[in-house]
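Step one of this worksheet: look at the structure below.
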Amino acid sequence: TNKSMEKKMTERQEILFETKKKKPYRAFLAACMWAGFGLYYTGKPVIASILTICTLYNLLGAVITLFKVDLVNCVEHLLWFTGFWIFSILIAVPLAKDTNNNIKREIIKNNK
């Protein structure tokens, strides 16, 4: 009876995990659509906020320097903007997987 109870608990944990886990492909697609914003889905709000601020700052900087006809600074801001965006895309999947590992650990710890 104890074995079947353990098995049932494991299935219950698995179902709970399936409902809470983040899908890495969604994190990737969201980051592709808009840099830091896509990372909020991964459940890591601090790094998502930092990257959102960095991308928005550089986009705004590019627009302002474009209006000042300061093309060198405009290109520099665009390069930083692009770099932060690419970085966001590259870390989206690992962050989602890390969040999933944390969710799994919490479920196992809380439902023993």
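What you are looking at is a predicted structure, and each value in this text was computed from that prediction instead of being measured.
When all heavy atoms are compared, the tightest approach of Thr19 to Leu16 is OG1-O, 2.7 Å. The heavy-atom pair separating Ala31 from Ser88 by the smallest distance is CB-O, 3.8 Å. Ala92 and Ala27 make their closest contact through CB-O, 3.5 Å (heavy atoms, listed as atom of the first residue, atom of the second, distance).
Relative orientation of the Phe81 and Trp85 rings is perpendicular, given thresholds of 30° and 60° on the angle between their planes.
No donor-acceptor pair under 3.5 Å is formed between the side chain of Tyr25 and the backbone N or O of Val93. Looking only at distances, a side-chain donor or acceptor of Thr99 sits under 3.5 Å from a matching main-chain atom of Thr42. Although no hydrogens or angles enter the test, the distance criterion places a donor-acceptor pair under 3.5 Å between the side chain of Asn100 and the main chain of Lys22. Asn58 places a side-chain N or O within 3.5 Å of a backbone atom of Cys54 that can act as its donor or acceptor partner.
Separation of atoms CG (Leu71) and CG (Leu78) is listed at 10.0 Å; rounding is to 0.5 Å. Remark: Glu18 CD to Ile107 CD1 distance equals 9.5 Å, nearest 0.5 Å. The line from CD of Glu106 to CZ of Phe17 is 12.5 Å long, rounded to the nearest 0.5 Å. Annotation: the span from Gln13 atom CD to Lys104 atom NZ amounts to 10.5 Å, rounded to 0.5 Å.
By the neighbour-count criterion of 12 heavy atoms within 6.0 Å, atom CZ of Phe28 is sparsely surrounded, having that number or fewer from other residues, nucleotides or ligands.
Residues Ile91 and Phe37 fall into different hydrophobic clusters, defined by Ile, Leu, Val, Met, Phe, Trp and Tyr side chains chained together at heavy-atom separations under 4.5 Å. The same ILVMFWY cluster, assembled from side-chain heavy atoms under 4.5 Å apart, contains both Phe84 and Leu95. Cluster membership for Leu56 and Ile89, using ILVMFWY side-chain heavy atoms within less than 4.5 angstrom, is shared.
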Might you work through the side-chain contact (heavy atoms from CB on, under 4.5 Å) test for Lys44 and Leu39, ending with a clear yes or no? CA-CA 7 Å; Lys44 308 278 189 206; Leu39 295 180; over 6 Å; no
Could you walk me through whether Tyr40 and Ser49 pass the side-chain contact (heavy atoms from CB on, under 4.5 Å) check? CA-CA 8 Å; Tyr40 285 103; Ser49 297; 3.0 Å; yes
Could you go through the side-chain contact (heavy atoms from CB on, under 4.5 Å) check for His77 and Thr65 one step at a time? CA-CA 9 Å; His77 279 294; Thr65 52; 4.1 Å; yes
side-chain contact (heavy atoms from CB on, under 4.5 Å), that's the test. Do Thr10 and Glu14 meet it? Break it down for me. CA-CA 6 Å; Thr10 306; Glu14 196 61 41; 5.6 Å; no
